Undergrad: 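One structure is given below, represented as structure tokens, and several questions about it will come after.
In what follows, chains are A, B, ... by sequence order, proteins preceding strands, each numbered from 1. Since this is a predicted model, take the numbers as computed values, not measurements.
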Amino acid sequence: MKLDTRQVEQKWKKFWVDNEIYKVSNDSDKPKYYVLDMFPYPSGAGLHVGHPLGYIASDIYARQKRMSGYNVLHPIGFDSFGLPAEQYALQTGIHPAVSTEQNIIRYKEQLSNLGFSFDWSREVSTSNPEYYKWTQWIFTLLFSHYYDISAQRAMPIDHLVNHFESKGSEGIQPFQGEAVEFTAEEWKQYSDKEKSDCLMNYRLAYQKTGYVNWCEELGTVLANDQIKDGVSERGGYPVVKKAMTQWYLRSTAYAERMLQELDDIDWPDPLKTMQRNWIGRSTGASVFFELDNHSESLEVYTTRPDTIFGVTFMVIAPEHPLVNQITTAGQETEIKDYIDYVNSRSDIERMAEKKVTGAFTGAYAIHPFTGAKVPIYISEYVLIDYGTGAIMAVPSDDERDMSFANKFNIPIIDVVDKSKYPGATLDDKIGVIINSDFLNGLEVADAIQLATEKIEEKGIGQLQINYRLRDANFSRQRYWGEPFPIKYNKEGIPSMIPADELPVTLPDTENFKPGGDGKSPLSLIEDWVNIDGEHLRETDTMPAVAGSSWYYLRYMDPQNKEAFASKESIDYWQNVDLYVGGAEHAVAHLMYARFWHKFLFDTGYVNTTEPFKKLINQGKIQGIIESIYLDKSSKDKKCFYSADIVEESQMDRYAKIPVHIDYVSNYGHPDSHLDLEGIQKFIDWAKEYKNAEFHTSTGVFQGGNLSNGQTNEFKFVTVSEQGKMSKSKYNVINPDDIVDRYGADCFRIYEMFLGPIEQDKPWDTNGIEGVFKFIRKLWSLFVQDDDQVNISDEAATKEELKILHAAIKKVREDSERFSFNTCISAMMVCVNELKKANCNKREILDPLTRLVAPFAVFVAEELWEMLGNEASVHQQQIPHFEAKYLVDDEIEYPLCINGKKRASAVFPANTSKSDLEKLAQENQEIQKWLEGKNLIKVIVVPKRMINFVVK
RNA sequence: GCCGAAGUGGCGGAACUGGUAGACGCGCUGGAUUCAAAAUCCAGUUCUCGCAAGGGAGUGGGGGUUCGAUUCCCCCCUUCGGUACCA
């Protein structure tokens with residue numbers, strides 16, 4: 001009986017479906033355990049070998065938990081709204097709903113080949129109206145709540161309205177910005193529009209002006225990653241910042257709780273650190289500076305109020321609303337030119353820029369303590385979204401301020417004497433204050449406190465806690481997303497579409513082109529936009545993060561029509577116990593989901609404060625990108641050069657053209673190259689290079705002919721680099737092909753065997769043979785040479801039990817720390833040793849089958865059947881480790897001289913420390929090393945090692 | 001720029017709490033079996049000096065702590081992820 005993976009997989013897949021092996025009930029006496037994979041986006045390229053890495057790990061863990069007596073929820077679904085489908089529609093005219101549906105079908109096929117224990121009856125996709133009805137519903141909930149600062153939680157907006165009606169704004173602080181004060185009487189006098197505008201300062205979903213990347217030529221708003229080097233990736237057109245009214249979510253309201261409650265969750269420390277830094281809490285002061293010749297004042301935020309006497313200039317963001325008002329006539333051109341320059345740059349470029357740029361507005365602020373006139377500049381290093389979008393510059397104690405002062409010849413006043421602290425840098429916040437009036441002589445920490453007090457005393461500012469976190473921009477000018485459940489009346493006042501009218505479904509269309517002037521394609525569908533002659537719909541749609549911020553809750557009760565999930569289901573499943581996904585989601589998705597979950601907690605819809613209790617990051621599997629050098633200067637005639645004849649110093653002359661890895665011989669190795677057949681394939685595929693020349697050290701190939709050199713010697717060397725596996729690099733490895741050849745179990749185990757789950761690693765199909773051998777060897781323990789199943793009922797020996805239990809111990813311990821690669825090593829060692837011992841005993845093979853079952857899910861079923869069992873192995877108990885089988889009578893000690901191993905010796909396990917020292921010293925090899933040396937001391941670590949320190 | 005991570009043989013990696021560096025697997029070399037191949041099995045495989053016995057070096061680079069450092073501390077280099085509209 002030979003192992004036929006295809007037949008085995010088919011047989012058991014059917015058995016699982018017929019018997020609903022992986023169906024999960026919300027009603028169970030068992031303890032619950034929720035294992036979640038990050039939401040896949042169903043891309044047109046299909047699944048490549050990198051995608052399942054996390055799914056395999058979580059599947060193994062879910063199966064082990066199930067075999068340990070838990071009721072395990074392990075669902076999957078699709079994050080099916082997104083930009084790529086819309087891009088594809090623009091290019092091909094195929095409706096995103098259609099292409100998305102096809103992609104999902106393909107993904108499901110590919111996933112089902114890998115033996116995952118998903119409960120498919122719980123599948124969801126975010127673009128399904130049954131699903132996005134609830135995304136919209138949560139949005140209306142956000143719209144109708146505000147963040148009550150004193151209660152530190154979300155409250156219904158009606159409470160606020162009632163308060164305004166009876167007491168006005170008294171005792172109410174908006175979450176951020178300057179409080180507008182009004183009495184109850186004034187509130188009642190407000191027009192509807194004024195009331196709406198006022199409430200916008202409080203709502204958790206609100207409107208304000210934001211900046212988008214606008215590309216005039218394409219007539220559309222671009223995502224950051226559609227922009228390369230300041231121009232559109234498609235077409236290379238200029239991109240500028242454009243101000244538009246957009247929806248925002250007040251995520252900053254939850255900044256403090258998101259920060260504090262990080263302590264309660266079991267996530268990797270680096271991830272928590274990234275979130276802490278992203279939230280970026282700082283304590284400082286906001287200070288108002290009077291302006292010379294203007295009635296307005298300029299608010300800045302500083303974490304170093306102690307250095308206020310060192311202020312020699314101010315810098316405000318180029319987008320700052322005051323810029324237009326304060327710029328003097330003489331400076332207008334300079335300021336305008338500079339703003340044009342800044343508008344063409346992305347935030348990343350702005351922050352990464354080392355070169356100092358800026359422009360003088362011509363206006364001055366008045367220093368609140370010295371009365372000095374301080375010039376006001378604009379510069380890209382000040383960002384409008386952070387703090388107040390304005391800083392007081394202290395060139396003596398801030399690196400960027402210092403470069404700026406140097407460049408623009410602005411004086412520098414030293415205010416912190418760091419001579420007491422040699423080696424202290426500007427970031428260290430230590431030193432003694434000088435040149436600063438009442439602050440002189442104080443240590444920095446004390447000076448910060450006193451300066452803040454003085455600022456408050458003078459009524460020009462106050463102590464303030466600030467967050468780097470910004471409110472989430474929630475508007476997209478796209479078709480393929482959730483429509484907002486919002487309508488506007490004739491005055492332009494937004495209101496919610498009532499819950500019983502949800503979902504607001506996406507209207508069908510064949511035109512996915514942008515609506516003009518930054519409007520979404522939806523704005524062109526007039527009979528949809530116009531509701532009743534009185535109201536117009538919001539035509540922007542929500543971003544992809546909307547649907548993925550709460551999907552884990554929908555899995556708890558995916559078919560519910562009355563609620564996003566029933567109270568009972570949420571009470572039972574609560575939150576996710578284990579979440580597996582990539583570190584690239586560290587801040588964006590994981591922040592949004594935490595924010596939504598806390599909001600749903602405040603509103604009483606969930607009973608936990610955090611969505612994901614434990615989180616594991618998975619690394620990426622990288623591909624090999626093969627490319628060839630094209631001479632950029634060869635205009636009429638395309639010339640390629642073999643990598644071995646291209647000189648390092650000449651690199652600028654060449655462009656790297658990616659080549660499909662299937663054409664490359666020895667791909668991924670230093671010797672990778674195209675032979676003649678490979679070149680022929682390449683030019684058949686990339687027809688524009690049909691007549692190109694291919695220069696090598698031995699000859700030139702052109703149009704099917706080779707000049708100079710032998711056909712069999714021809715080698716056109718390619719460049720191999722490790723990088724993303726992607727359709728555009730022609731290096732995608734499809735798991736289907738691997739499964740077809742080696743079986744799903746082999747694929748699963750090989751992916752885990754590649755290395756630690758959290759690390760990035762390159763894919764190399766070559767290594768898979770070792771795992772294939774392991775599976776066949778495991779099989780051969782049950783089925784011997786005569787192809788007959790042959791299992792013995794003899795009692796196992798002490799040695800065999802030791803082999804088995806060493807593996808059980810290692811697999812169970814290492815699984816708990818998600819070190820699956822070492823689990824597999826342990827199982828390999830176990831099978832190798834059992835094979836050597838010719839062991840085919842049931843007493844060993846039965847637990848061994850249950851041990852490997854979560855990894856080799858199909859083969860284990862077949863082996864379980866061979867053992868004479870009926871039900872699925874996946875419904876059995878995981879084997880227990882018994883320490884008594886692993887007790888050693890003797891221990892082999894390394895004997896070291898000065899920490900370096902020089903010999904080894906075996907001693908009984910119960911030898912005393914002093915006996916060990918004596919016996920080790922008598923060792924012949926050690927005697928040789930001690931000869932003529934001074935023995936200073938002997939270090940004996942029982943059960944570990946013995947070290948002689950000599951001189 | 002800022003935040004986070006990684007760097008160990010030809011390759012993927014192991015060494016969990018400071019205690020034998022290179023488990024396990026790929027590849028490679030030699031051998032057995034075979035008409036031959038596949039498959040399987042056996043032996044070897046960090047580099048370096050040496051016929052050998054046996055030395056020496058060695059975990060990205062430099063320094064430090066320690067009897068002992070891949071592991072802890074400081075500085076530097078390279079690569080990868082994120083940087084708010086890819087998901």
Side-chain angles (χ1 to χ4, degrees), chain A residues 38-41 43 79 81-84 87 212-213 221-227 251 268-271 273-278 280 346-354 381 385 399-400 468-473 475-478 543-545 548 582-589 591 617 619-620 622 668-670 722-724 750 753-756 758-764 766-771 773-774 776-777 780 785 813-814 817 819 821-822 824-829 832 892-904 936-939 941 944-950:
Chain A
M38 277 189 192
F39 221 11
Y41 174 77
S43 90
D79 191 9
F81 274 132
L83 197 48
Q87 288 275 91
V212 296
N213 303 308
V221 174
L222 297 177
N224 285 332
D225 75 322
Q226 295 176 303
I227 304 169
S251 31
D269 282 329
L271 190 58
T273 305
M274 273 194 265
Q275 289 221 338
R276 282 191 193 102
N277 292 335
W278 186 257
S346 71
D347 282 0
I348 290 181
E349 285 173 318
R350 283 176 62 171
M351 286 185 288
E353 185 60 72
K354 278 182 178 168
Y381 81 89
D385 290 310
E399 232 166 285
R400 281 178 309 183
R468 203 183 69 96
L469 183 77
R470 306 206 293 255
D471 280 346
N473 180 341
S475 291
R476 300 292 181 270
Q477 293 71 40
R478 312 276 180 207
V545 290
S548 62
E584 66 272 20
H585 296 286
V587 282
H589 160 62
M591 277 294 194
N617 279 137
K620 270 202 257 306
Q622 284 165 325
H669 295 268
Q722 203 168 309
K724 256 193 193 118
Y750 184 55
F753 187 61
L754 279 175
E758 70 277 10
Q759 249 167 55
D760 288 353
K761 53 218 142 210
W763 175 266
D764 181 7
N766 286 328
I768 204 168
E769 290 288 344
V771 172
K773 273 186 213 164
F774 158 70
R776 280 188 312 220
K777 209 180 237 182
S780 76
D785 300 330
E813 283 175 1
D814 288 4
R817 57 188 183 100
S819 174
N821 55 328
T822 53
I824 291 158
S825 297
M827 290 189 289
M828 284 175 168
V829 171
N832 285 346
E892 186 178 346
Y893 281 90
L895 309 180
C896 307
I897 304 293
N898 290 340
K900 186 105 185 156
K901 183 193 165 195
R902 295 297 175 182
S904 63
I936 293 167
K937 66 171 159 176
V938 183
I939 290 155
V941 185
R944 279 280 182 192
M945 51 78 72
I946 299 161
N947 186 25
F948 295 87
V949 184
V950 299

Undergrad: With nearest nucleotides of RNA chain B determined for A/Pro756 and A/Asp79 from heavy-atom distances, which residue corresponds to the more 5′ nucleotide?
TA: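 Nearest-nucleotide comparison on RNA chain B picks A/Pro756.
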Undergrad: Report the distance from atom NE2 of A/His585 to atom P of B/rA5, rounded to the nearest whole Å.
TA: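 One finds 19 Å between P of B/rA5 and NE2 of A/His585, rounded.
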Undergrad: Between B/rU8 and B/rU59, how many Å separate the two P atoms, rounded to a whole number?
TA: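 Between the two P atoms, the distance is 11 Å.
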Undergrad: Do any side-chain nitrogens or oxygens of A/Arg476 fall under 4.0 Å of OP1 or OP2 in B/rC85?
TA: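 Looking at the OP1 and OP2 atoms of B/rC85, one of them is under 4.0 Å from a side-chain N or O of A/Arg476.
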Undergrad: How close or far is atom P of B/rG13 from atom CZ of A/Phe753, stated in whole angstroms?
TA: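 Going from A/Phe753 (CZ) to B/rG13 (P), I get 11 Å.
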Undergrad: Taking only side-chain nitrogens and oxygens of A/Arg776, does any of them come within less than 4.0 Å of OP1 or OP2 of B/rU40?
TA: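 Looking at the OP1 and OP2 atoms of B/rU40, one of them is under 4.0 Å from a side-chain N or O of A/Arg776.
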Undergrad: Look at all strands and tell whether A/Val221 reaches a base, only sugar-phosphate, or nothing, counting heavy atoms closer than 4.0 Å.
TA: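 Base, at least one base heavy atom under 4.0 Å.
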Undergrad: On a whole-Å scale, what distance lies between the C1' atoms belonging to B/rA38 and B/rA32?
TA: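 About 16 Å, rounded to a whole number of Å.
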Undergrad: For B/rC86 and A/Asn224 - does any side-chain N or O of the residue sit under 4.0 Å from the phosphate oxygens OP1/OP2?
TA: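 Indeed not, no polar side-chain atom of A/Asn224 lies that close.
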Undergrad: Check for a donor-acceptor pair, side chain of A/Asp760 on one end and backbone N or O of A/Lys620 on the other, with a separation under 3.5 Å.
TA: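 Yes, the answer is positive, given that a donor and an acceptor are paired below the 3.5 Å cut-off.
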Undergrad: Tell me the closest heavy-atom pair linking A/Met274 and A/Val587, and the distance in Å.
TA: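 Looks like O-CG1, 3.9 Å.
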Undergrad: Would you classify A/Ala586 as touching base, sugar-phosphate or nothing, given that sugar-phosphate means primed atoms plus P, OP1 and OP2, and contacts are heavy atoms under 4.0 Å?
TA: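 Here A/Ala586 touches no strand at all.
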Undergrad: Rounding to an integer number of Å, can you tell me how far A/Glu758 CD sits from B/rG13 C1'?
TA: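 My rounded result for the distance is 12 Å.
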Undergrad: C1' atom, B/rA15 versus B/rU70: distance in rounded Å?
TA: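 The answer is 8 Å between these two C1' atoms.
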Undergrad: Report yes if at least one side-chain N or O of A/Lys900 is closer than 4.0 Å to OP1 or OP2 of B/rA57; otherwise report no.
TA: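 False: A/Lys900 side-chain N/O out of range (4.0 Å or more) of B/rA57 OP1/OP2.
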Undergrad: Suppose you measure atom P in B/rC74 against the same atom in B/rC26; what distance do you get, rounded to whole Å?
TA: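 Per the computed distance, 40 Å lies between those P atoms.
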Undergrad: What's A/Ser475 touching, base or sugar-phosphate or nothing? Going by heavy atoms closer than 4.0 Å.
TA: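 Touches a base.
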Undergrad: Taking a pair as Watson-Crick or G-U wobble with both distances under 3.5 Å, which nucleotide is matched to B/rU20?
TA: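 Base-paired to nothing in any strand shown.
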Undergrad: Please check the phosphate of B/rG82 (OP1 and OP2 only) for any side-chain N or O of A/Asn277 closer than 4.0 Å.
TA: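 Result: no.
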Undergrad: Quick one: A/Arg400 CZ to B/rG1 C1', roughly how many Å, whole number?
TA: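 The answer, rounded to whole Å, is 8 Å.
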Undergrad: From B/rG81, B/rA84, B/rC86, pick the nucleotide closest to the side chain of A/Pro84?
TA: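 Ranking B/rG81, B/rA84, B/rC86 by closest atom to the A/Pro84 side chain puts B/rC86 first.
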Undergrad: Suppose you measure atom P in B/rC49 against the same atom in B/rG27; what distance do you get, rounded to whole Å?
TA: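 Comparing P positions in B/rC49 and B/rG27 gives a spacing of 28 Å.
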Undergrad: In Watson-Crick or G-U wobble terms, both distances under 3.5 Å, what is the partner of B/rG9?
TA: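 Across any shown strand, B/rG9 pairs with none.
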Undergrad: Identify whether any heavy atom of A/Pro543 sits under 4.0 Å from a base atom; if not, whether one sits that close to sugar-phosphate; answer base, sugar-phosphate or nothing.
TA: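 A/Pro543: no heavy atom of the nucleic acid under 4.0 Å.
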Undergrad: Would you say A/Arg944 has more than 12 foreign heavy atoms packed within less than 6.0 Å of its CZ?
TA: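 Counting neighbours around CZ of A/Arg944, 12 or fewer heavy atoms of other residues, nucleotides or ligands fall under 6.0 Å, so no.
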Undergrad: Can you measure from OG (A/Ser43) to CG (A/Asp79) and round to the nearest 0.5 angstrom?
TA: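 Answer for the OG-CG pair, A/Ser43 versus A/Asp79, is 12.0 Å.
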Undergrad: Could a donor-acceptor pair under 3.5 angstrom be found where the side chain of A/Gln477 meets the base of B/rC85?
TA: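 Indeed there is one.
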Undergrad: Rounded to whole Å, please give me the gap between CG in A/Asn947 and P in B/rC67.
TA: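 These atoms are roughly 11 Å apart.
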Undergrad: Could you please name the partner base of B/rU33, counting Watson-Crick and G-U wobble pairs only when both distances are under 3.5 Å?
TA: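 Matched B/rU33 with nothing under the 3.5 Å cut-off.
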Undergrad: How far does the P atom of B/rA5 sit from the matching atom of B/rA43, given to the nearest Å?
TA: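 The answer is 43 Å between these two P atoms.
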Undergrad: Within the 4.0 Å heavy-atom criterion, would you say A/Met945 contacts the bases, only the backbone, or no part of the nucleic acid?
TA: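 Answer is base: heavy atoms of A/Met945 come under 4.0 Å of a base.
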Undergrad: Considering only the C1' atoms, how many Å lie between B/rA23 and B/rC76, rounded to the nearest integer?
TA: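 So the two C1' atoms sit 32 Å from each other.
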Undergrad: Want to settle it: does A/Ala223 or A/Asp814 sit nearer the 5' end of RNA chain B, counting the closest nucleotide to each?
TA: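 The residue whose closest nucleotide sits nearer the 5' end is A/Asp814.
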Undergrad: Under the 3.5 angstrom rule, does the side chain of A/Asn947 hit a backbone N or O of A/Gly899 as a donor-acceptor pair?
TA: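 Indeed, once roles are kept as given, a pair shorter than 3.5 Å links the two residues.
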Undergrad: Say we look at B/rU20 and B/rG7: how far apart would their C1' atoms be, to the nearest angstrom?
TA: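 Per the computed distance, 24 Å lies between those C1' atoms.
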Undergrad: How would you label the contact of A/Val545 with the nucleic acid (heavy atoms, under 4.0 Å): base, sugar-phosphate, or nothing?
TA: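 Nothing, no nucleic acid heavy atom in range.
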Undergrad: Grab the CD-P distance between A/Gln622 and B/rG13 for me, whole Å please.
TA: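 After rounding, the gap between these two atoms is 10 Å.
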Undergrad: Paired with B/rA39: which nucleotide, if any, by Watson-Crick or G-U wobble criteria at under 3.5 Å for both distances?
TA: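 WC or wobble partner does not exist here.
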Undergrad: Determine which nucleotide pairs with B/rG1, using a 3.5 Å limit on both distances of a Watson-Crick or G-U wobble pair.
TA: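 Its partner is B/rU83 (Watson-Crick or G-U wobble, both distances under 3.5 Å).
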Undergrad: Could one point to a donor on the side chain of A/Arg478 or the base of B/rC85 with an acceptor on the other under 3.5 Å away?
TA: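 Answer is yes: a donor-acceptor pair is held.
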Undergrad: Looking at A/Lys777, does any N or O in its side chain come under 4.0 Å of the phosphate oxygens OP1/OP2 on B/rC41?
TA: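 Yes, A/Lys777 has a side-chain N/O under 4.0 Å of OP1/OP2 on B/rC41.
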Undergrad: Going by the glycosidic torsion and a 90 degree boundary from 0, is the base of B/rG9 oriented syn or anti?
TA: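 Judged by the O4'-C1' to base torsion, B/rG9 sits in syn, the angle falling within 90° of 0.
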Undergrad: Starting at CD1 of A/Ile227, measure out to CD of A/Glu349 and round the result to the nearest 0.5 Å.
TA: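 One gets 8.5 Å once the value is rounded to the nearest 0.5 Å.
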Undergrad: Is the count of non-hydrogen atoms from other residues, nucleotides or ligands lying under 6.0 Å from A/Lys724 atom NZ greater than 12?
TA: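 12 or below, so no.
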Undergrad: How many whole angstroms separate atom CZ of A/Arg276 from atom P of B/rA5?
TA: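 Interatomic distance, CZ of A/Arg276 to P of B/rA5: 12 Å.
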Undergrad: In whole Å, what is the span from the CG atom of A/Asn821 to the C1' atom of B/rC16?
TA: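 So the two atoms are 12 Å apart, to the nearest Å.
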Undergrad: B/rU66 pairs with which nucleotide, Watson-Crick or G-U wobble, both distances below 3.5 Å?
TA: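 Partner of B/rU66: none.
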Undergrad: So what does A/Arg902 touch, heavy atoms closer than 4.0 Å: a base, only the sugar-phosphate, or nothing?
TA: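 Sugar-phosphate: the residue A/Arg902, judged by heavy atoms under 4.0 Å, touches backbone atoms but no base.
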Undergrad: What's the shortest heavy-atom distance between A/Asn224 and A/Asn213, and which atoms?
TA: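 Where A/Asn224 meets A/Asn213 most closely, the heavy atoms are OD1-ND2, 2.9 Å.
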Undergrad: Return the pairing partner of B/rC51 with a 3.5 Å limit on both distances, Watson-Crick or G-U wobble; otherwise return none.
TA: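 When the pairing criteria are applied, nothing turns out to pair with B/rC51, so the answer is none.
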Undergrad: Hey, is the main chain of A/Ser475 close enough, under 3.5 Å, to the side chain of A/Asn473 for a donor-acceptor pair?
TA: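 Looks like yes, one N/O pair under 3.5 Å.
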Undergrad: Which nucleotide in the set B/rC86, B/rG13, B/rG81 lies at the smallest distance from any side-chain heavy atom of A/Asp225?
TA: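 The closest nucleotide is B/rC86.
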Undergrad: Under a 3.5 Å limit for both distances, which nucleotide forms a Watson-Crick or G-U wobble pair with B/rG44, could you say?
TA: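 Base-paired to B/rC28.
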